[in-house]
Asks: 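Below is the structure I would like to discuss, written out as structure tokens.
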Amino acid sequence: MKQSSRRELRRAQRRKFRKKTTVVSLIFIALALLLNTGLIFQNHNPLSQKNSVMNPIHNIPNLFKSTSISSQLKKQWKADLKGSDSNVAIAVYSTKTGETYTYNTTPGHKYHTASTVKVSVLAGVLLKNNGELDSEGKDYAKQMIENSDNDSTTELINNYLGGTDGLQDTFDQFQMSNTHANEAWGMTTTTPADQIKLLNNIFFSSTKLSDSSRNYIQHLMSNVESDQQWGISAGSNNFALKNGWLDQDDGSGKWIINSIGRVNGSQDNDYTIAVYTDNNSSMNSGEKLVEKLARSTKNILDPKFQE
């Protein structure tokens with residue numbers, strides 16, 4: 001009897017221990033789910049994360065939400081491009097999620113900037129000249145961004161930036177490691193993700209550009225002439241942009257059509273976006289393709305917006 005009682009006691013103790021272990025495990029699982037679902041997630045800007053290291057919880061990404069948006073965007077972008085023969089690459093940075101989303105129909109393909117490089121030119125000129133431009137330089141800058149004037153661009157590159165080497169140094173300064181300057185500046189090659197790095201410096205935060213330089217570039221990009229306001233602006237009424245378009249000049253009759261900039265979303269739900277395309281059958285078809293992608297992006301990142 002005594003031996004039987006001891007066995008029963010040991011069984012009871014083991015059952016009690018297993019119950020405690022199960023409860024503790026469930027608590028840890030619940031805490032992990034709370035963290036991953038973002039209940040204690042704090043939005044952040046990747047250009048200003050240095051203050052968040054004081055509280056490690058601030059660095060926990062909203063994994064479920066971010067993954068959901070990424071899959072939504074890529075699914076819709078693929079649908080938008082179905083049946084298209086164009087090469088297309090797109091990158092978007094969302095201030096709401098703190099993430100950059102990318103898609104490329106042709107990995108490894110070299111995309112040419114055309115006139116979108118003019119934003120880099122102005123950023124480089126301001127950086128090199130401590131944010132100061134003489135009256136002639138300001139006139140060149142205004143013509144280059146608002147009217148996409150090519151002669152003004154060449155003047156700024158040669159006389160204010162230091163030529164092609166100065167342009168490449170600009171890319172290096174902004175850590176645009178996949179962007180390479182060309183003497184024929186419109187043939188500079190880049191990636192949308194590199195352009196997002198530059199745009200985030202201009203529109204959100206920068207350790208390179210002064211606030212006055214950033215505001216100056218923002219102002220010019222917000223005032224491009226009306227017939228050049230197509231592109232990433234589609235579906236939005238508050239934006240800043242610079243477009244690029246160029247006949248591929250290879251006898252194919254195809255076009256390079258690009259658009260980069262910032263879209264102001266509702267409730268500070270802003271994002272930067274860069275779309276690069278080539279092998280478009282015409283300039284008009286390229287514009288429509290870019291705008292189709294822009295509208296889809298807007299609908300997913302800022303669904304509450306009503307144009």
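Quick caveat, the model's predicted, so the values are computed rather than measured. Scope of the values below: all heavy atoms of this structure, side chains included, with no hydrogens, waters or symmetry mates.
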Asks: Evaluate the side-chain proximity of Asn299 to Gln76: yes if any heavy-atom separation is below 4.5 Å, no if none is.
Replies: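 They are not in contact (no side-chain heavy atoms under 4.5 Å apart), so the answer is no.
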Asks: Could you point out which residue of Ser259, Ser148, Ser120 forms a side-chain hydrogen bond (donor to acceptor under 3.5 Å, both in side chains) with Lys242?
Replies: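 The option that passes is Ser148.
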Asks: Looking at every non-hydrogen atom in both residues, tell me the closest pair between Trp230 and Gly244 and how far apart they are.
Replies: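 Heavy atoms only, the tightest pair is CH2-O, 4.2 Å.
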Asks: To check you understand the geometry: which heavy-atom pair defines the closest contact between Ser213 and Gly131, and what is its length?
Replies: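 Between these two residues, the closest heavy atoms are OG-CA, 3.5 Å.
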Asks: If you take all heavy atoms of Leu161 and Lys128, which pair is closest and at what distance?
Replies: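 Between these two residues, the closest heavy atoms are O-CD, 3.3 Å.
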Asks: Quick one: do Lys197 and Asp194 satisfy salt bridge (charged side-chain N to carboxylate O under 4.0 Å, His left out)? Show the steps, please.
Replies: CA-CA 5 Å; Lys197 293 177 183 178; Asp194 266 6; 3.7 Å; yes
Asks: Quick one: are Asn182 and Leu167 in side-chain contact, heavy atoms under 4.5 Å?
Replies: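 No; the side chains remain at least 4.5 Å from each other.
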Asks: Supply the atom-to-atom distance Asn130 CG to Ser212 OG, rounded to the nearest 0.5 angstrom.
Replies: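 Going from CG on Asn130 over to OG on Ser212, the span is 10.5 Å.
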Asks: Answer yes or no: is there a side-chain heavy-atom contact under 4.5 Å between Val224 and Leu241?
Replies: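 They are in contact (side-chain heavy atoms under 4.5 Å apart), so the answer is yes.
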Asks: Would you find a donor on one side and an acceptor on the other, under 3.5 Å apart, between the side chain of Thr170 and the backbone of Gly166?
Replies: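 Confirmed, Thr170 side chain pairs with Gly166 backbone.
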Asks: Are Met283 and Val88 in one and the same hydrophobic cluster, where Ile, Leu, Val, Met, Phe, Trp and Tyr link if side-chain heavy atoms are under 4.5 Å apart?
Replies: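 Hydrophobic grouping puts Met283 with Val88.
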Asks: Using the side-chain hydrogen bond (donor to acceptor under 3.5 Å, both in side chains) rule, take Asn279 and Asn87 through it: C-alpha gap first, then chi angles, then the decisive distance, then the call.
Replies: CA-CA 6 Å; Asn279 203 44; Asn87 298 308; 5.5 Å; no
Asks: Do Val263 and Asp270 touch side chain to side chain, with heavy atoms closer than 4.5 Å?
Replies: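 Sidechains of Asp270 and Val263: no contact.
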Asks: Look at Arg214 together with Asp211 and state whether they make a salt bridge at an N to O cut-off of under 4.0 Å.
Replies: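 Counted as a salt bridge, because a side-chain N and a carboxylate O are separated by less than 4.0 Å.
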Asks: Test Tyr93 against every option in Phe203, Tyr271, Phe204, Tyr101 by the ring-ring contact (aromatic ring centres under 6.0 Å, His included) rule and name the one that passes.
Replies: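 It is Phe204; the other options fail the test.
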Asks: Are Leu199 and Ile260 packed together at the side-chain level, in the sense that at least one heavy-atom pair is separated by less than 4.5 angstrom?
Replies: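 Contact flag for Leu199/Ile260 side chains = yes.
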Asks: If we only count heavy atoms from C-beta on, is the Trp255 to Asp278 side-chain gap below 4.5 Å?
Replies: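 Result no, sub-4.5 Å side-chain heavy-atom pair not found.
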Asks: Looking at every heavy atom in both Leu301 and Val92, which two are closest together, and how far apart are they?
Replies: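 Minimum heavy-atom separation between Leu301 and Val92: CD1-CG1, 3.3 Å.
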Asks: Yes or no on side-chain hydrogen bond (donor to acceptor under 3.5 Å, both in side chains) for Gln72 and Ser68, after CA distance, side-chain angles and deciding distance?
Replies: CA-CA 6 Å; Gln72 287 180 63; Ser68 174; 3.1 Å; yes
Asks: Run Asn200 and Ser205 through side-chain contact (heavy atoms from CB on, under 4.5 Å) and show every step you take.
Replies: CA-CA 6 Å; Asn200 285 356; Ser205 178; over 6 Å; no
Asks: Going hydrophobic residue to hydrophobic residue with side-chain gaps under 4.5 angstrom, can you get from Tyr111 over to Leu246?
Replies: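 No.
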Asks: Taking all atoms of both residues into account, what is the closest heavy-atom pair of Ala181 and Gln168, and its distance?
Replies: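 So the minimum-distance heavy-atom pair works out to N-OE1, 2.8 Å.
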Asks: Say whether Met187 and Leu156 are linked into one hydrophobic cluster, either directly or through other cluster members, by side-chain heavy-atom distances under 4.5 angstrom.
Replies: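 Hydrophobic grouping puts Met187 apart from Leu156.
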Asks: Side-chain contact, heavy-atom cut-off 4.5 Å: Met221 with Ile217?
Replies: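 The answer is yes, as the side chains (C-beta and beyond) meet within the 4.5 Å cut-off.
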Asks: Would you please say whether a donor-acceptor pair under 3.5 Å links the side chains of Ser115 and Lys118?
Replies: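 Note: Ser115 and Lys118 side chains meet the donor-acceptor criterion.
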Asks: Quick check for you: to the nearest 0.5 Å, what is the distance between Ile300 atom CD1 and Ser94 atom OG?
Replies: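 Between atom CD1 of Ile300 and atom OG of Ser94 there are 11.5 Å.
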Asks: Between Ser86 and Asn280, what is the shortest heavy-atom contact and its length?
Replies: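 Residues Ser86 and Asn280, closest heavy atoms: OG-OD1, 2.8 Å.
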Asks: Once you round to the nearest 0.5 Å, how far does OG of Ser296 lie from CG of Leu73?
Replies: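 Those atoms lie 9.0 Å apart.
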Asks: Classify the ring geometry between Tyr140 and Tyr160 as parallel (under 30°), tilted (30 to 60°) or perpendicular (over 60°).
Replies: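 Judged by the thresholds at 30° and 60°, the geometry between Tyr140 and Tyr160 is perpendicular.
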Asks: Counting only heavy atoms from other residues, nucleotides and ligands, does the tally under 6.0 Å from CG of Asp85 exceed 12?
Replies: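 Result for CG/Asp85: open.
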Asks: Just verifying a value: how many Å separate Gln228 CD and Glu146 CD, rounded to the nearest 0.5 Å?
Replies: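 Atom-to-atom, Gln228:CD and Glu146:CD are 10.0 Å apart.
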Asks: For a quick check under 3.5 Å, do Glu225 and Asn147 share a side-chain donor-acceptor pair by atom type?
Replies: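 Yes, side-chain donor-acceptor contact under 3.5 Å.
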Asks: Are there over 12 heavy-atom neighbours, none belonging to Gln229, within less than 6.0 Å of that residue's CD?
Replies: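 Yes, because the 6.0 Å sphere around CD of Gln229 holds more than 12 heavy atoms from other groups.
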Asks: Rounded to the nearest 0.5 Å, what separates atom OG1 in Thr297 from atom CD1 in Ile69?
Replies: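 These two atoms lie 11.5 Å from each other.
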Asks: Nearest 0.5 Å, what's the CE-OG distance between Met144 and Ser152?
Replies: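 Spacing of CE (Met144) from OG (Ser152) equals 8.0 Å.
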Asks: Does a sphere of radius 6.0 Å around CG in Asp268 hold more than 12 heavy atoms from other residues, nucleotides or ligands, not counting ones at 6.0 Å or beyond?
Replies: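 No, not enclosed.
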Asks: Assess whether side-chain hydrogen bond (donor to acceptor under 3.5 Å, both in side chains) is satisfied between Asp250 and Ser252, documenting all intermediate values.
Replies: CA-CA 5 Å; Asp250 57 4; Ser252 66; 2.4 Å; yes
Asks: Tell me, yes or no, whether the heavy-atom count around Glu183 atom CD, taken from other residues, nucleotides or ligands under 6.0 Å, exceeds 12.
Replies: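 Not more than 12 within 6.0 Å, no.
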Asks: For a side-chain hydrogen bond (donor to acceptor under 3.5 Å, both in side chains) check, start with the C-alpha distance between Trp77 and Thr105, then their side-chain angles and the critical distance, and finish with the verdict.
Replies: CA-CA 10 Å; Trp77 290 338; Thr105 62; over 6 Å; no
Asks: Hey, does Val275 have a side-chain heavy atom less than 4.5 Å from the side chain of Asn258?
Replies: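 Side chain of Asn258 against side chain of Val275, heavy atoms only: no contact under 4.5 Å found.
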Asks: With side chain to side chain contact (heavy atoms under 4.5 Å, CB included) as the test, pick out the partner of Tyr276 among Thr116, Ile256, Thr191, Thr189.
Replies: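 Considering Thr116, Ile256, Thr191, Thr189, a side chain to side chain contact (heavy atoms under 4.5 Å, CB included) with Tyr276 is found only for Thr116.
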Asks: Less than 3.5 Å apart, any donor N or O on the side chain of Gln195 or Thr190 sitting next to an acceptor on the other?
Replies: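 Yes, a side-chain donor-acceptor pair sits under 3.5 Å.
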Asks: May I ask you to check whether over 12 heavy atoms, not counting those of Gln248, lie within 6.0 Å of atom CD?
Replies: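 Check passes, neighbour count above 12.
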